[in-house]
Amino acid sequence: MYDNEHKCSNIGQNEKKMIHTRNLTKQYRSGGIEHTILQNVNIDIEAGEFVSLLGPSGSGKSSLINMFGLIDVPSSGNLILMGHDVTHLKERQRVNLRRGSIGFIFQDFGLIEELNAFENLELPLQYLKYSKKIRFNKVNAILERLNIAHLRSFYPKQLTSAQKQLIGIGRALVIEPDIILADEPTGCLNSTGGSSIMQTLNSINESGSTIVMATHSANEAEKAQRTIQLFDGHIITENIKQRL
Ligand code: ADP
Ligand code: MG
């Protein structure tokens, strides 16, 4: 869902792409020295894909995810999301687009401790100004879809890590986002919890959602349909897995 009021230029054939980057570069200046953490990154992601960004710590995965999620801005290059050039959007437009179209899943879940599971899922819908009744219906539908309706009244501290991440996934899904961004979604889970979360992400992708996941684990990355490998801010390889 893209707010037409904030529409920038359409970029021809890239309109159909969920994510299109050309020569995306990110630099930071610290201690008087300029560090390049992403250099000339070219990525195309179509609607419905499940893509993993694989690379060791410090390779630039989170920086890239944060640019896709309109949390951070590129230093140079182009970023086109859902067919619209978002490279030079104003802050208010970035916030609106992010809240309405992008679902985030975090390594540390990012839940609000003072809110129960239902309320954590309801929060992004409150930002979008949905009525109480619509919020109630949407949150319940997602809780049921993820088989976590029984956890609705539990607070984060009463849940296992895997349950917390299911709530995190629910909060990303509840806005019916165009893109789901997951930064090391199993990084705080044991292997059983990790595989169950990966299965959940796979089934969400099979229902049509576009997912981009950052991970340092090759084993995890290969559960996605396509892997883009990063090293020191460069793309080094791309692999496509054949679906069985
Ligand atoms: P990854 O997620 O692959 O571990 P990051 O994107 O977090 O990699 O970081 C890539 C590089 O950018 C690292 O060297 C990190 O120290 C640096 N970096 C990230 N954010 C900042 C920042 N705000 N200021 C300076 N350097 C940063
Ligand atoms: Mg990271």
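Order of appearance sets the numbers: ligands from 1, and atoms from 1 within every ligand.
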query: Who are the residue neighbours of ligand 1 when the rule is a heavy atom under 4.0 Å from any of its atoms?
result: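 Around ligand 1, where the cutoff is 4.0 Å for heavy atoms, the contacting residues are Y28, I37, P56, S57, G58, S59, G60, K61, S62, S63.
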- request: Report yes or no: is the cationic atom of R152 (NZ for Lys, CZ for Arg) under 6.0 Å from the centre of the six-membered ring of F118, at an angle within 45° of the ring normal?
  value: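 Negative - R152 is either too far from the ring of F118 or too far off its axis.
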task: Flag this pair as yes if the NZ/CZ of K26 is under 6.0 angstrom from the six-membered ring centre of Y28 and inside a 45 degree cone about the axis; otherwise no.
output: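 Yes, K26 and Y28 form such a contact.
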query: Linking I/L/V/M/F/W/Y whenever their side-chain heavy atoms sit closer than 4.5 Å, directly or via other members, would L146 and F154 fall into one cluster?
result: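 Shared cluster, yes.
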message: Can you confirm whether F106 is buried at CZ, in the sense that more than 12 heavy atoms of other residues, nucleotides or ligands lie under 6.0 Å from that atom?
response: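 Yes, CZ of F106 has more than 12 neighbouring heavy atoms, counting only those of other groups under 6.0 Å.
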- prompt: Does Q165 use its side chain to pair, donor to acceptor, with the backbone of P185 at less than 3.5 Å?
  reply: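 Judged by distance alone, yes, a pair lies under 3.5 Å.
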- prompt: Between T186 (side chain) and L189 (backbone), is there a donor-acceptor pair under 3.5 Å?
  reply: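 Here the side-chain-to-backbone pair does not exist.
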task: Consider only side-chain N and O atoms of H35 and Q27, and report whether a donor and an acceptor are under 3.5 Å apart.
output: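 No donor-acceptor contact under 3.5 Å links the two side chains.
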message: Do I71 and F104 have side chains that approach each other closer than 4.5 Å (heavy atoms only, starting at C-beta)?
response: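 Touching, per the 4.5 Å side-chain cut-off.
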query: In Å, rounded to the nearest 0.5 Å, how long is the span from CG of L79 to NE2 of H84?
result: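 Atom-to-atom, L79:CG and H84:NE2 are 12.5 Å apart.
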message: Keeping to distances under 2.8 Å, can you name the protein N/O/S atoms close to the Mg ion (ligand 2)?
response: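 The answer, once waters are left aside, is S62 OG.
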